[in-house]
Every structure is written in C-alpha cells, then in structure tokens.
Amino acid sequence: MSEIKLNKVSRDYGLGIFGVRDVSLEIEEGEFMVLLGPSGCGKSTTLRMIAGLEETTDGQISIAGRDVTRLAPRHRNVAVVFQSYALYPHMSVRENMRFGMKMRKTPRDEQDRRIAQAASVLGLQPYLDRKPSALSGGQRQRVALGRAIVREPDVFLMDEPLSNLDAKLRGEMRQELVKLHRRVGKTTVFVTHDHVEAMTMGDRICIMRNGRVEQVGVPLEVYARPRNTFVAQFLATPAMNLIEAQLNAEGEAVMLSAGPIAGPLPEREAALYRAAVERKLLFGLRAEDIVTQPRPGAQAFQGIVTVLEALGPENLIVVETAGQSVSARVDRHFLPRIGDEVTLYADLAHTHLFDAASGDAIAREV
Amino acid sequence: MSEIKLNKVSRDYGLGIFGVRDVSLEIEEGEFMVLLGPSGCGKSTTLRMIAGLEETTDGQISIAGRDVTRLAPRHRNVAVVFQSYALYPHMSVRENMRFGMKMRKTPRDEQDRRIAQAASVLGLQPYLDRKPSALSGGQRQRVALGRAIVREPDVFLMDEPLSNLDAKLRGEMRQELVKLHRRVGKTTVFVTHDHVEAMTMGDRICIMRNGRVEQVGVPLEVYARPRNTFVAQFLATPAMNLIEAQLNAEGEAVMLSAGPIAGPLPEREAALYRAAVERKLLFGLRAEDIVTQPRPGAQAFQGIVTVLEALGPENLIVVETAGQSVSARVDRHFLPRIGDEVTLYADLAHTHLFDAASGDAIAREV
Amino acid sequence: MGRRILSHFGLIVAVVIVLFPILWVLRTSLVPAQDSYSAAILPSVTLDNYRALFAEKNFGRNYMNSLVVASLSVIVAMPLAAMTGYAFARFRTGGRLARLATLASQMLPPVALALPTFMLFRNVGLTNSLTGLTIVYAAINLPFLTWILMGFFEAIPEDLEGAAMTDGATRWGAFWRVVLPVAAPGIMAAAVLGFILSWNEFLFALILGGSNTATVPVALASLQTSNGVQISNVAAGVSLAILPLMIAAKFIQKYLVEGLSFGSVK
Amino acid sequence: MGRRILSHFGLIVAVVIVLFPILWVLRTSLVPAQDSYSAAILPSVTLDNYRALFAEKNFGRNYMNSLVVASLSVIVAMPLAAMTGYAFARFRTGGRLARLATLASQMLPPVALALPTFMLFRNVGLTNSLTGLTIVYAAINLPFLTWILMGFFEAIPEDLEGAAMTDGATRWGAFWRVVLPVAAPGIMAAAVLGFILSWNEFLFALILGGSNTATVPVALASLQTSNGVQISNVAAGVSLAILPLMIAAKFIQKYLVEGLSFGSVK
C-alpha cells in the first residue's frame with residue numbers, strides 16, 4: 001500500500017506568490033502518474049513537496065495512509081530521480097547505488113544482491129566501478145534510475161529524468177521506464193513538459209498550469225475530452241485547431257459555422273451540443289481529424305498550403321483559409337507544394353466545442 | 001551568391017583525435033542544410049569551423065566562392081545562432097541587435113529600420129528595451145534569431161537553436177524558422193540531433209557519425225533510401241526494424257526469410273534484389289510499413305504485444321515474436337492490451353536490405 | 001517558527017559581537033579624551049580628537065599618501081591583471097605553471113621580501129617615495145587581481161565572444177565590448193579588494209616610507225607606540241582608516257557580494 | 001607558429017623573472033658567507049649557514065612555533081568555517097548583512113586592531129603565548145575560510161543534498177557524506193591558503209610574541225634588522241620560510257589550481 005494523497009496542498013513563497021496552489025490529487029497504489037505542464041506550472045514543485053525537499057506551506061500530503069507533510073525526506077521512503085541525475089561524483093556507480101541502502105542499514109549481502117540485480121536489468125555491470133564523470137549521459141541516467149530502484153522505496157518520484165537525453169535515447173528510455181514500472185509495480189510520479197512522454201507513459205496524467213491542476217485523467221480520455229482549450233492545445237503537436245464558431249438550429253439539424261468550416265453536425269454531436277446553440281464558441285478539431293479524402297460527416301474546405309513538414313511516416317501541413325491557419329496531420333503520400341490550393345475534409349464527428357470567453361469545454365448532454 | 005563548400009575539412013585535436021575528419025560538403029545558394037547526428041558526431045564542430053570559431057586543421061572552406069579557411073570570423077560575413085543564445089547580457093534587446101550592424105558601420109537609420117522590421121517579424125516590439133535576463137526562453141531564442149537576421153549576412157549558422165525550448169514551443173519555432181528561411185532566402189546551416197527537425201526543416205540533410213559524413217540528401221529520399229543501417233535507424237522513432245535475413249531464389253520468385261517474417265518479395269523488389277540471394281543480410285522495415293490490415297504484398301506474422309504507446313493521433317506498439325522485437329506505428333483505433341497476441345502484416349513493398357557485416361545498403365539493380 | 005527566531009537571535013548576537021568593537025572605537029573617537037575610558041556611551045560629542053590628529057599629527061598628509069598610493073596601484077595593476085587573467089582563462093596561456101606561479105607569488109612571506117626590496121629601492125632611489133610604494137603595491141596587486149579576474153572570466157560563456165566575433169568584432173573588440181562589461185561587477189569588486197589590500201599594508205610602508213611618505217597604517221602604528229598612547233587620537237585615526245572600507249561597503253555592497261560569490265557572474 | 005614561439009619565449013622570461021630572486025636566495029643560503037656577494041653561481045656548497053641559524057639563532061624554536069600556530073589555527077577555524085560557509089551558501093543565513101560582515105572583517109586594517117588586541121590579551125595573560133597567537137590566527141582565518149568555502153558550496157548543485165536526504169541521510173549526513181567530500185579539493189586548497197596566511201603573518205606575531213614564541217617572520221625580521229646583517233643567514237632563513245609553500249605547491253598543486261579556479265568544482 002503506497003498511495004499518495006495531496007489535500008489542498010500549497011507552496012506559498014510569500015508576498016502572494018504561490019508555486020503551487022490548492023492542489024488536490026490522489027495517486028493510487030502502483031499507479032504511474034504524470035504531472036504535465038509548461039515550465040513554471042508548479043509540477044516540479046509539487047513533486048519536490050511530495051519528496052519533502054520543498055516546504056508544504058498549506059494542506060496535507062500522505063503516503064501510504066501516513067501524513068508525511070512535516071516529515072523529513074528520509075522518513076518518507078521515497079526515491080527521487082533528478083533531472084540533473086544528482087549522482088554523487090566522488091562515489092563509484094556501485095557506491096552510488098549502495099549509499100541509500102547503507103543509510104537504511106540494509107544487510108551487506110542484500111545490498112550486493114540488489115546492486116547486482118539492478119545493474120543487470122539496466123545493463124550497468126561494466127560500469128559499476130567507474131565514477132559518474134566517466135559515463136555518458138544515457139549511462140548516468142541509468143545509474144540514477146538504479147540508485148532509486150535498489151532502495152526499494154514506497155514511491156518513485158522522477159523529475160524530467162529524460163530531458164537531458166538525445167531525442168533518440170529519450171524514445172528508447174521511455175519504453176524501458178514503462179517496462180520497468182510494470183515489473184517493479186511501484187507508485188510513480190513522473191514530471192515532464194513533453195506531452196508525448198505524458199501520453200505514452202502515464203496510467204493517468206495531471207495537467208497543471210500556474211500552480212493549479214487543470215485536468216486529471218487517463219491519457220486517451222483527456223486527449224479525447226479535454227476540459228478546456230489549454231489542455232486541448234497542450235496535449236498535442238500540432239496543437240488542436242481552434243476557430244471562432246457558432247451553432248444554429250435548423251429544425252432537427254444543428255449547423256456549425258466556424259470560419260471556413262461549415263455544415264451540419266453529425267446526429268450524435270448535434271444531440272450532444274444542442275444546448276450550446278447561439279453561444280459564442282470555439283470550435284476545436286485535432287490535426288488528425290482533418291483528412292484528405294471525403295468521408296461521411298466530414299465537411300470539405302479549401303485552403304492554401306503554407307507549411308509542409310514531411311516527417312517520413314506522415315506529413316504535417318498548415319493551410320491558410322479565410323484568415324485562419326489550420327493544421328492537418330496527413331498521409332505520407334499527400335505531398336502538396338507550398339502555395340498549392342488543396343481541398344481538405346474536417347471530420348465533424350470529432351468536434352470539440354469550448355466557450356469562447358472562458359475556454360471551458362461545453363458540457364455534453366449525455 | 002553564398003554557397004558554402006567544404007573540401008576534405010578536418011579538425012585534428014592532436015594525438016590522433018579528430019573532431020571532424022575529411023568532410024566534403026557543398027551547400028547551395030539559399031539552401032537550408034541540416035547537419036544531423038548523435039552527440040559527439042562532429043556536427044557542431046563542422047558548423048563552428050564554417051563560422052571560424054574552431055580552427056580548420058586541414059582542408060578548405062569557401063563561402064560565396066571565397067576561400068575563408070584562414071579568415072577571422074568577422075571577415076566571413078556569417079551569423080551564428082548559438083544553442084545557449086549567447087545574448088549580450090549587459091545590452092538591451094535593441095542593442096543586442098544593433099551590435100553587429102554597429103561593428104559593420106551600417107548607417108544609423110538603416111540600423112533602426114532593420115531592427116524595427118526584425119522586431120515586427122519576430123514579435124519582439126514590446127521587449128526591445130528589456131535586458132535578456134528579463135525574457136523567457138522562447139523570447140531569448142527570438143532575440144538570438146533577430147540579432148542574426150538584422151545583420152543580413154551571407155550565411156546563417158544555427159547550432160541546435162531549438163534544443164533549449166519546451167517541446168511545445170519547439171514545434172512552433174520549427175515552422176516559424178522554415179517560413180523565415182523561405183522569406184529571407186539565405187543559405188542556412190542548421191545543426192540538430194533531432195531527426196524530426198532534420199526531416200521537416202532541411203532542404204537537404206547531412207547525417208554525420210564519428211566526425212564523418214554518412215549520407216547527404218533530400219530528407220524524404222534519405223528516409224526512403226538510407227545508405228546504411230545507421231542512417232536507417234537514426235532517422236526515425238521508433239528506429240527501423242532490423243532482422244537477420246536471407247533471400248532464396250525459387251524460380252522467378254525471390255523468397256525472403258527474416259525471423260518471423262517470410263514470404264515472396266513483390267515483383268519489383270524481387271527484380272531489384274535478385275543479386276543479393278544467399279548473402280547474409282539484414283532485412284529492414286519501418287514501423288509504419290507494418291500494418292494491421294492485410295494488403296497485397298504484405299506478409300502476416302503473429303506476436304505478443306509488449307509495449308503500447310498511445311500517442312493520441314496514432315499508437316506505437318512493440319511485439320515480441322521469435323525472439324525479435326518488432327516496432328509498428330498503427331492506427332489510433334488499434335488498441336491491444338499488453339500480452340495480447342496480435343496479427344500484423346509486414347508490407348514487403350517497402351523492404352530495405354543491408355549487408356549483415358558492413359551494414360551498408362544492398363545496391364539496387366535499377 | 002521558534003527555530004527561526006532562535007537563529008535570528010543568534011545572528012543578531014553575532015553581528016553585535018562583530019560590530020561592537022568598531023562602534024566603540026567610533027564612540028571613543030567622538031568623546032573628549034578624559035571620557036575615553038568612561039563607561040558612559042556618549043557623555044558629550046566633540047570633533048577635537050580629529051582636529052588634533054590633523055593639526056598636530058599631520059594625519060592629513062598620511063591620508064593623502066594612502067589614498068594616492070592605494071588608488072594608483074590598483075589603476076596601474078588592473079589593466080594588466082585583466083589581460084593576464086583573460087589570457088589564463090581563455091587561452092590556458094602558460095598552463096598550470098603560470099597559474100601556479102601567480103598563486104605562489106601571493107604566498108611568499110612579505111618579511112622575506114622586505115630586505116631585498118629595501119636594498120634594491122635604496123640603490124635606485126625609490127625609498128621614501130610614493131612612487132616606490134606604488135610600484136610595490138602594484139606588484140602585490142597584480143597577481144592577486146589576475147587570479148580573481150581569471151575566475152570571473154572563466155565563468156563567462158565563451159559563446160559570448162564567439163557571437164561578438166561573428167558579429168564583426170576582433171578578439172580584442174569582443175574582450176573590450178562584451179567580456180569586460182559583463183565582468184564589470186567582478187572587476188569593481190576586485191578593484192575594491194585591491195585598494196583595501198594596499199590601504200591596509202603596513203610592512204612595506206614602514207620599511208620603504210619616511211616621515212613624508214608615511215601612510216595611514218604607519219601613522220596609526222606610531223600613534224600607538226609613542227609614549228603615553230592617546231587613545232582618543234588612536235580611535236579617531238582608526239575610524240578614519242576604516243572610512244574607505246565603510247564607503248565601499250555602503251555603495252558597492254551589491255558588487256562586492258555578487259561579484260565575489262565566486263562563479264556566479266551572470 | 002611564430003606567434004606561439006614568441007608567446008612561449010615571453011612566458012619563459014616571465015618565469016625566470018619571477019623565479020630568479022628566489023633561486024638566488026637559495027643559492028646564497030648554500031654558499032659560504034664570504035661568497036654571498038660574489039657573482040659566481042656556486043663556488044662551493046655548504047650547510048653552515050643553516051647550521052648557524054639553528055645553533056646560534058634558535059631558529060628551530062621559531063620554526064616549530066610557526067608550524068604549531070599556523071596548523072592549529074587552520075584546524076580550529078576550518079570546521080567552523082565549513083559550517084558557516086555552508087549556512088551562508090544554502091540557507092542564506094543572515095542574508096547580505098552577514099556576508100558583508102564576513103567580507104568587511106577581512107578588510108579592517110590589521111594595524112588598527114593591533115593595539116586593542118594587545119591590551120586585551122595582556123589583561124587575560126595571552127601575550128607571549130602560542131595560545132594567544134593561535135586564537136588571533138584562527139580569528140583571522142575564520143572569515144577568510146568561510147568566504148572561500150561559501151563559494152565552493154554554492155557551486156555544488158543542491159540536488160546532490162536532495163538525493164542524499166531522500167536516500168536516508170539527515171541534513172547533517174548529507175553535508176558530511178556528500179557535500180564535504182565533493183568540496184574536498186576546495187577545502188584542501190583553502191586550508192593551504194589559511195596555513196600560509198598564518199605562516200606569513202608578521203604584525204600580530206611581533207606584537208603578541210616574546211622571544212620564546214617568536215615565529216619565522218619575526219625571526220627573519222630580527223635577522224634583517226640586527227646590526228651587521230648576515231646575508232647568508234637571512235638567505236637560509238628565507239629559504240626555510242618558503243619551504244612549506246614549495247611543499248604545498250609540489251604536492252597539492254592539483255588541488256590548489258583546480259580547487260581555486262573559482263566556480264569550477266565538479
């Protein structure tokens with residue numbers, strides 16, 4: 001049992017400046033929770049408060065049912081993987097791993113056993129007697145992980161552990177970390193500003209902005225139903241297209257009018273959003289819901305291609321139309337030239353609608 | 001006219017250690033050339049040699065037809081955008097931009113005109129009188145760009161200029177930089193370790209490893225025809241699947257046997273690779289060429305799902321089969337559970353073949 | 001909360017302990033001579049002690065001597081130190097040996113150098129002259145300032161100079177227009193330290209100076225060693241000796257503290 | 001290439017200029033007294049000058065005094081300085097005021113403190129005692145070492161302590177097991193500097209010491225000021241005075257140069 005509960009937790013720096021404000025969050029036993037947000041959103045501060053490295057000025061934090069709000073870091077039984085790795089530079093890799101166990105008076109042979117096991121899982125055997133300064137960035141990252149694992153803590157706390165790695169290595173470590181988590185099964189809090197890491201690694205994600213929680217949920221659900229435009233835009237590259245819009249009832253049908261994109265909503269969406277008729281709205285559509293071939297429920301529109309990014313497996317394009325920039329994620333064989341006029345189809349079955357003033361998602365009538 | 005020519009350029013640190021070795025490269029007038037490679041591959045060193053900030057110990061560098069190998073940086077008329085931005089901390093944004101023009105004795109009113117124009121293009125007007133320390137990372141990045149633009153140099157040299165930005169901002173700046181380049185039209189050399197930046201930004205890319213050039217070409221062509229396994233694997237996430245393989249002729253047909261994937265090559269591929277029959281090979285297939293629905297020329301195979309990364313617009317999965325890990329990029333609706341056995345289809349029309357020993361691509365008989 | 005009050009209390013006590021002697025010297029300099037040893041804090045205030053110091057002891061001359069010698073020695077040593085420190089920081093000029101020699105020169109016992117210097121200076125006629133003292137202090141300041149500035153220059157990213165040089169500046173221009181202004185707080189701090197080092201120097205001032213070229217420390221020493229120490233005059237002299245330090249602390253504390261927290265030049 | 005030879009030549013000249021006087025002193029200490037002023041480099045070698053120094057001038061006592069006082073003062077001041085420097089670096093204890101007071105205490109003119117210290121020490125019976133001198137030197141070393149160590153501690157990433165504390169260490173344990181070992185080169189360098197500062201100190205040693213407690217600088221001064229300076233004895237004394245510095249330079253030059261290039265502690 002090692003669930004984490006944050007109850008209205010704040011970090012007040014004084015003078016009305018808050019690093020984190022009234023954050024409540026429950027992280028379940030064994031869960032991989034990702035804290036996601038732009039820099040300065042309070043995600044790292046939250047993690048450091050859980051670790052006890054940052055003072056909690058208000059609210060309670062409990063780990064495994066125990067109130068740890070005022071406990072020193074060493075009494076919380078958490079292991080932190082720092083962005084900088086924070087390896088002890090004067091100790092060998094082996095000693096780095098041993099340190100935490102020595103502090104906790106783990107028997108010596110148990111120490112050796114765990115170090116050997118972690119080294120084998122992480123491929124660190126050849127480096128056990130090296131100093132961290134003799135390792136590459138990726139190897140240091142593994143040592144930092146190994147040092148956390150051997151401790152067998154209640155909770156893993158990881159503060160952007162992949163952000164100092166090359167793009168290539170980052171993708172590999174992502175998968176390795178998830179596998180590791182599946183094997184170890186320990187509650188993990190993972191901080192990142194990278195939405196791809198959040199989507200692919202988290203059992204759930206918690207999106208933060210300005211020290212507050214914006215939305216918590218399973219990645220694909222948050223992706224499918226963002227609570228507001230911030231979440232909608234933050235969770236993908238390219239960001240969700242947002243266009244000022246209005247709905248009008250025409251008998252049974254509900255007509256969408258959003259800049260270049262206009263037409264009747266499909267039946268299901270029409271029913272969901274009927275109450276939002278005549279409000280000032282933002283119409284949201286993800287780049288992958290703009291397609292190059294007609295399909296039922298998709299509305300055609302024309303635009304001039306201004307950006308073409310051929311990624312290899314697929315292409316990202318941006319078209320200008322009626323003063324709007326619209327991003328689309330298209331098939332790798334769709335390769336227009338810059339300046340071409342193309343016809344695209346907006347799949348209204350994936351319509352998102354937000355209030356134009358507040359940015360909050362329009363409640364669906366289920 | 002501002003083409004760049006590198007002729008067998010080397011950077012010898014002494015004691016047989018080379019940063020760059022025998023690099024020859026021609027960058028055309030107005031071209032956007034990306035130098036891509038893992039850290040330590042010599043890409044930054046090459047850029048700094050072009051700028052004159054690193055000594056060229058052997059070979060010649062010419063810019064616009066002029067041999068600049070021994071010229072001081074200030075005589076090369078190049079502008080560098082540094083990874084660290086390297087803004088002058090004691091000068092305002094405006095003075096940062098003015099500095100280079102002042103050094104070159106551009107008339108004062110021309111200085112003001114160019115600063116105003118660059119500030120308007122980059123959205124820096126509100127910040128012109130601020131010091132760099134009062135700016136966000138993204139704003140500093142723009143100032144670094146602005147400082148380069150106002151100089152109106154022959155050549156732009158950019159050393160991982162996006163790597164200090166958030167994932168989100170990086171995607172936006174990528175597109176902005178390409179638009180900027182299209183408008184300004186100046187020869188640009190752009191160093192990165194991020195294959196997405198390379199694919200989407202480069203008119204051509206130059207892939208480097210261990211101080212040498214591995215392949216130069218138009219991104220989609222290099223992606224379609226990597227010269228060796230290093231290029232094949234470096235240019236995508238997940239990396240291209242590589243499986244030990246053999247070809248056998250059976251009458252007209254050429255049979256591929258690559259671990260779990262076996263079957264006749266399609267007619268065109270059979271003709272191309274007939275000469276490679278019975279050699280020790282590596283069979284390469286990109287993750288997006290493994291599909292979830294049968295199609296002509298695609299060979300079915302089964303595997304156990306070990307990784308599922310739901311990115312939102314699409315999913316990455318890894319299946320284990322016959323001791324092989326195979327990565328596939330699949331539709332967002334294909335959501336198996338970890339441990340499920342799934343049937344996938346390897347599209348042999350996109351077969352890559354490499355020599356097992358050297359890693360070089362098998363020459364196609366065209 | 002309790003812990004905070006406790007640690008602040010400790011700090012206040014510490015500050016009082018540090019400051020008390022200085023404040024008491026100041027107090028003694030401001031009360032009439034007969035009250036010097038009284039326990040009263042300020043029985044009455046007078047500037048007589050200062051007046052006597054200048055009128056009877058020629059302290060004005062000592063003060064000018066110190067100001068001139070300390071300022072000139074820094075002004076002479078600073079440009080050389082800046083260039084040497086930059087060369088050490090950027091070009092590894094001379095490698096470890098040159099750095100070690102710089103450090104080592106700081107560590108030679110001044111007493112060991114005193115006699116040779118005196119003999120040399122007497123031969124060339126530089127004893128009893130402010131020029132001679134300025135030369136000695138510049139020679140002491142040079143390695144000291146070089147070492148400090150080397151640290152500041154090393155903390156400045158090399159890309160800044162790369163940017164300046166591609167922007168059209170020469171290596172010298174990059175140093176002059178970018179490196180020096182960025183290192184300015186450090187240079188200010190180093191200059192203050194160098195000034196105070198010279199201002200406080202006693203041994204060489206004693207050996208090389210005469211009555212016309214005596215500096216403040218020499219004058220203070222003679223006040224203290226003359227028969228029948230006049231404590232109120234000494235207190236006035238000490239207060240004046242500390243004055244430049246207090247001015248420095250007041251006006252450039254920002255530079256001092258930021259510039260000298262090694263390795264944190266922004 | 002031509003430029004390189006030129007700059008190396010310049011360096012060699014500089015090194016010779018710096019080293020020549022020291023080498024000449026060493027030479028003078030090793031030749032018989034009658035050859036002191038001869039131009040011959042090494043007419044003959046003798047240790048008589050050293051023997052005379054120890055036999056006639058009681059230099060052994062001076063040397064022991066200096067060693068004891070300089071070592072003890074560093075040993076006493078270092079733990080306090082390490083803790084204070086750490087508190088300044090990590091907790092901003094006392095804020096700018098405490099830092100400034102630390103710096104300022106370095107800048108007080110020693111001469112101004114000499115008389116009050118002498119009077120105070122005479123009252124409590126600490127004049128003419130090594131204990132008294134050790135206390136003074138520890139008091140001089142404390143702010144000096146505090147300031148230097150503060151810089152080193154600031155250069156150590158705070159995450160290291162965070163890692164140690166989540167790994168099970170107390171704040172004290174993190175300091176003891178992680179921060180101190182990482183800062184070791186800096187601490188070694190600071191200790192050497194503090195030792196040499198005390199080793200070379202002259203003014204307080206002169207004022208507070210008697211014939212039994214005279215340190216090396218005091219002994220050198222008396223050798224130089226006694227009637228009929230025996231240059232060969234002085235040279236031997238100076239050579240011995242420089243000895244600890246040379247040992248330090250030889251054995252811990254790595255620590256010195258790396259530890260003291262401010263802000264570069266790995």
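All figures in this text were calculated on a predicted structure; none of them were measured in a lab. To find a chain, count down the sequence lines: A is the first, B the second, and so on, and within it residues start at 1.
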Heavy-atom distances under 4.5 Å only: say whether [X] touches chain B with side chain, backbone, both or neither.
| X | answer |
| --- | --- |
| A198(A) | neither |
| L169(A) | neither |
| L220(A) | side chain |
| A310(A) | both |
| P219(A) | neither |

Partners passing side-chain contact (heavy atoms from CB on, under 4.5 Å) against A232(A) (at least two apart in sequence or in another chain):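 Scan of A232(A) (side-chain contact (heavy atoms from CB on, under 4.5 Å), adjacent residues dropped) gives P226(A), M240(A), F354(A).
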Among L335(A), L235(A), V307(A), the residue with the most heavy-atom pairs under 4.5 Å to chain B is V307(A)
Assert top hit (heavy-atom pairs under 4.5 Å, partner chain A, pool A287(B), G137(B), G312(B)) equals G312(B)
Between chain B and chain A, identify all donor-acceptor pairs below 3.5 angstrom, including backbone and side-chain atoms.
from    : atom 1 : to      : atom 2 : distance (Å)
S39(B)  : N      : D166(A) : OD2    : 3.4
S39(B)  : OG     : D166(A) : OD2    : 3.4
D166(B) : OD2    : S39(A)  : N      : 3.4
K168(B) : NZ     : Q233(A) : O      : 2.7
K168(B) : NZ     : A236(A) : O      : 2.4
R174(B) : NE     : E309(A) : OE2    : 3.4
R174(B) : NH2    : E309(A) : OE1    : 2.6
R182(B) : NH1    : T306(A) : O      : 3.2
R182(B) : NH2    : T306(A) : O      : 3.4
Q233(B) : O      : K168(A) : NZ     : 2.7
A236(B) : O      : K168(A) : NZ     : 2.5
D289(B) : OD1    : R332(A) : NH1    : 3.3
D289(B) : OD1    : R332(A) : NH2    : 2.5
T306(B) : O      : R182(A) : NH1    : 3.2
T306(B) : O      : R182(A) : NH2    : 3.4
E309(B) : OE1    : R174(A) : NH2    : 2.6
E309(B) : OE2    : R174(A) : NE     : 3.4
R332(B) : NH1    : D289(A) : OD1    : 3.3
R332(B) : NH2    : D289(A) : OD1    : 2.5

